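This report refers to the structure that appears directly beneath it.
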2 protein chains.
Amino acid sequence: MTESKQFLYPDKWLSKASSGDRVAYELRMRIISGMIESGAILSENKLAADFEVSRSPIREALKILASENLIRLERMGAVVIGLKEKEIEEIYDVRLMIESFVFERLVRMDTGELAIELSKILEMMKVAIKYQDADEFSYQDVLFHETIIRYVDHSYILMIWNNLKPVMESFILLSMRMRFAEKYEDFTRIVNNHELYIDAIKTKDRNLMIKSLHKNFDDVQGKVEDLWSSQQMLSKGAEQQDD
Amino acid sequence: MTESKQFLYPDKWLSKASSGDRVAYELRMRIISGMIESGAILSENKLAADFEVSRSPIREALKILASENLIRLERMGAVVIGLKEKEIEEIYDVRLMIESFVFERLVRMDTGELAIELSKILEMMKVAIKYQDADEFSYQDVLFHETIIRYVDHSYILMIWNNLKPVMESFILLSMRMRFAEKYEDFTRIVNNHELYIDAIKTKDRNLMIKSLHKNFDDVQGKVEDLWSSQQMLSKGAEQQDD
DNA sequence: ATTATAATACTTGTATACAAGTATACTTGA
DNA sequence: TCAAGTATACTTGTATACAAGTATTATAAT
């Protein structure tokens, strides 16, 4: 309990973030990791005391999390919804939906520059694997998909992505940290899959893209299980197991 | 100029809205209508003075509008993006995308109750037409599509809808007001099209649904033109035309 | 013991105050 | 007339204060 003030979200990613954003990032991680269990009720005043800030940034953070479907703002207190299996499947539904949409645009564009950019990011990912830097790997993984989405220059698709991204990012972060510790061999598969994606974009092969997306999704099934064990680790640490 | 304090958004829809929400609704209408031109810079202090509230609800409103892509929060001031042709097409891309997704779910569900509910809403729309109530018609029109989306119970699809809805609603409101005044005959076509949509859901006919969606989109092309004339009416009222 | 009423301790939403930083405008120097 | 530096008036982000409303708890009466 002496270490309970540690933050789950990487400090260095918050260099120029406002106090409200920091709280949102950290709360998001705690909710998705299961450290704050779904059903819990968050009070603005208590959070303000915990994070040692005023209610203004807390309110800001809660509004953000509500728009991401992680909490529900009610008359009295914010109810934690959290990420259960259903929600994770739904997020991947949406990812599949928007990335398919994006691909349809890509096949009508010159994707040369994009392929180069993606190759660069993939190299970064490989380096992150080599040095077992889970956070950096996650960052590049998210960036990979964001780069594809940004390339088609569609402000409302980007809007959806912006809403989804923080949850995705937190989820991937937690999942990757777990896998670096326990399932190191997974990463060759992930890299291969991203290479497949780049090939699909280069050759504008719709079927290959779909295949790659589905592989990515299958990969996620694993992520989900990892996250559950992560959640159990975090929340059941000091509890009884005999219910 | 004596009437400049009039609000564009229907009062009665704001019965239990907070001050911040009211400002967001009203600002949204002013931006979409073109009353506030794109490129304009909004200052929190000025807005607070204009709306006669403090900065707290203004900040809240600006955050909402930024998440809807109507403004861009920058270092100094919020820059109005607005709805130009590109944005409207993009919104309809997304609508097409999510309604297609929803339909794929619907074909695997019992849609009996939904069809009844939609028929009810359609009757309401007819009454609204009969009494030339543009606002009520718009409300039911938006409700029609929201009802379909809610029926599949997908929280992240609903999240996208929730982000899109206010902009859609404002856009439809403005467009319908214009058309009630000038293109009354349009409404039989709109009603027919919604009947087509209900049929598609009843018979689970994918092609019919697509057809109806596209008709709806064609309808919107008209709406766009209407909106432009509306914007010109509002913004060029006291200006010179010779630039 | 149970119900009704009253007091208290919460809750949210809004207003206001203040600090730190940035652009604008003005003054001063050449 | 133009450049450089300073002063002023803005900006945002955060803290704090306050009002109105709601749940909870305690007290009192039957």
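For the numbers below, each heavy atom of this structure counts, side chains included, while hydrogens, waters and symmetry mates do not. So you know, we letter chains A, B, ... as the sequences are listed, proteins then strands, and number each from 1. Since the structure is predicted, the reported quantities are computational estimates derived from the model, not experimental observations.
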- request: Given side chain to side chain contact (heavy atoms under 4.5 Å, CB included), test A:Ile149 with A:His154 step by step and report yes or no.
  value: CA-CA 8 Å; A:Ile149 289 167; A:His154 192 295; over 6 Å; no
message: Using whole Å, what does the distance between atom C1' of nucleotide D:dT24 and atom CD1 of A:Ile41 come to?
response: 14 Å
message: Strictly under 4.0 angstrom, non-hydrogen atoms only: write out the protein contact profile of nucleotides 11-16 of chain C, one letter per nucleotide from the 5' end, B, S or -.
response: SBBBBB
task: Go through the steps for B:Asp93 and A:Arg105 under the test side chain to side chain contact (heavy atoms under 4.5 Å, CB included), then give the verdict.
output: CA-CA 12 Å; B:Asp93 285 338; A:Arg105 294 287 166 109; 2.9 Å; yes
query: With B:Arg177, which residues qualify under side-chain hydrogen bond (donor to acceptor under 3.5 Å, both in side chains), at least two apart?
result: B:Asp135
- request: Going by the side-chain contact (heavy atoms from CB on, under 4.5 Å) test, name the single residue among B:Leu62, B:Asn163, B:Leu73 that passes it with B:Ser67.
  value: B:Asn163
message: Going by ring pair (Phe, Tyr, Trp, His ring centres under 6.0 Å), name the pairs with one or both residues in residues 20-49 of chain A, residues two or more places apart or in two chains.
response: A:Tyr9-A:Tyr25
